[in-house]
Amino acid sequence: MNTEILNPSKETYEKCALVIKEGGLVAFPTETVYGLGANALNGAAVKKIYEAKGRPQDNPIIVHVAERGEISDYAEISQIAKKLMEAFMPGPITLVLKRSGRICPEVSYGLDTVGIRIPLNPIARDFIKECRLPIAAPSANSSTRPSPTEAAHVLEDLGGKIPYIIDGGRCQIGIESTVVDATGNTPVILRLGKITPGMIRSVCGDVRISFEQPDKPASPGTKYIHYTPACECALIDSHEPKFIEQVVRAEVEKGRKVSLLCFSQFEMEGASVYLLGNDNFEAASNLFYLLRLAEKNSDIIFIEAAMGRGEFADSLLNRMIKSAGGNVITEP
Ligand code: AMP
Ligand code: MG
């Protein structure tokens, strides 16, 4: 199959909506990362997502809709959900709700819940509106690879497997949505993201964070390896220039090709240095892009940890630690 990258336009949305209606897959941009969409009412179509990505079948897929009013067609809206919908939808948040109605079971194998999100990106919304269907869409990467934040990343992973990628340029946020279980009386964060615990607490009065338990995760997807580049990767949990330099130099001296993703312009002889950005928000929008760039010419990539702790810093740090496969270097 030939994969075409299309600029957003009415004609593009019509062409892509036809593919979705016929049970095919289309990749589209959102404000978080690119999504790989299929008709969420069609089990055979949703199965194609798992196949194209090499995704484990017990990792549920988020359903995307264009308007708040559509959510009650597919899920039960709790009191907590109502508050979160009003405050944060459309936006980078996914609500896990009790499923009702017609969403196919393949979207969340074995679960009586469904994750629902309304993207803020107008290209995503216009495309979904044109489909007139709920769109099941995980990130449009091969399973375990860094999430795609440009159309070229989708082509890299899924080229030849899908007919169309809608090109919306670079994703603004760059990390996936905050996933919140809104089925109970207290919202429980299952995956950290742009919408932080503090923001949720300010709307609901309370919030809990589900710490990842590898044997029995509340959000099945969190137990899998995620976001790893094609080479070795480690997180440096320090902002001390001397320490960072020492860690990088030790690898350069072994004759290895070394890259460093960091928050300041280091001069590092023998290593490639990439600027993550001036703050955590810029760093989030660049992280996966830089991992995919640096891996092409590296034996090992070092990532400088997010600046500070708490709130959005923790969301970014979560992706950095996963990208590093849990390899964290601290100062002695
Ligand atoms: P991705 O599609 O790659 O952004 O991953 C989707 C994330 O949402 C995974 O971590 C899933 O485990 C989580 N998720 C989706 N639906 C549900 C659900 N019904 N219950 C719990 N977690 C969910
Ligand atoms: Mg993903």
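Atoms within a ligand are numbered from 1 in the order they appear, just like the ligands themselves. All values reported here derive from a predicted model rather than from experimental measurement.
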Is E251 salt-bridged to K254, cutoff N-O under 4.0 Å?
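Result for this pair is yes, salt bridge flagged.
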Could you label the plane-to-plane angle of the F28 and F127 rings as parallel, tilted or perpendicular, counting under 30° as parallel and over 60° as perpendicular?
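It falls in the tilted class, 30° to 60°.
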Contact check, R99 vs ligand 1, heavy-atom distance below 4.0 Å:
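Contact absent.
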Would you check the N or O atoms of S139, main chain and side chain alike, for any that come under 3.5 Å of an N or O of ligand 1?
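The answer is yes, given that S139 and ligand 1 share an N or O pair closer than 3.5 Å.
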Below the 3.5 angstrom mark, is there an N/O of E176, backbone or side chain, next to an N/O of ligand 1?
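In fact, backbone or side chain, E176 has no N or O that close.
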Heavy-atom closest pair, residues [X] and [Y]:
| X | Y | value |
| --- | --- | --- |
| S315 | L192 | OG-CB, 3.6 Å |
| P146 | L291 | CG-CB, 4.3 Å |
| M320 | E304 | CE-O, 3.3 Å |
| K21 | E130 | NZ-O, 3.7 Å |

Side chain or backbone of [X] under 4.0 Å from ligand 1, or both, or neither, by non-hydrogen atoms?
| X | result |
| --- | --- |
| R55 | side chain |
| V33 | neither |
| T113 | both |

Taking ring-ring contact (aromatic ring centres under 6.0 Å, His included) as the test, write out the residues that go with Y227, two or more places apart.
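Listed in chain order: F288.
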List for me each residue that meets ring-ring contact (aromatic ring centres under 6.0 Å, His included) alongside F302, sequence neighbours excluded, and say none if there are none.
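In terms of ring-ring contact (aromatic ring centres under 6.0 Å, His included), with neighbours along the sequence ignored, F302 is linked to no residue.
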What atoms in ligand 1 come closer than 4.0 Å to a heavy atom of [X]?
| X | result |
| --- | --- |
| N59 | 9 (C), 11 (C), 12 (O) |
| P138 | 2 (O) |
| V114 | 19 (N) |

The Mg ion (ligand 2): which protein N, O or S atoms are under 2.8 Å away?
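Protein N/O/S atoms under 2.8 Å of the Mg ion (ligand 2): S139 OG.
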With S238, which residues qualify under side-chain hydrogen bond (donor to acceptor under 3.5 Å, both in side chains), at least two apart?
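Expected list: E331.
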Flag for R191-T94: side-chain donor and acceptor within less than 3.5 Å:
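Distance-only check fails for T94 and R191.
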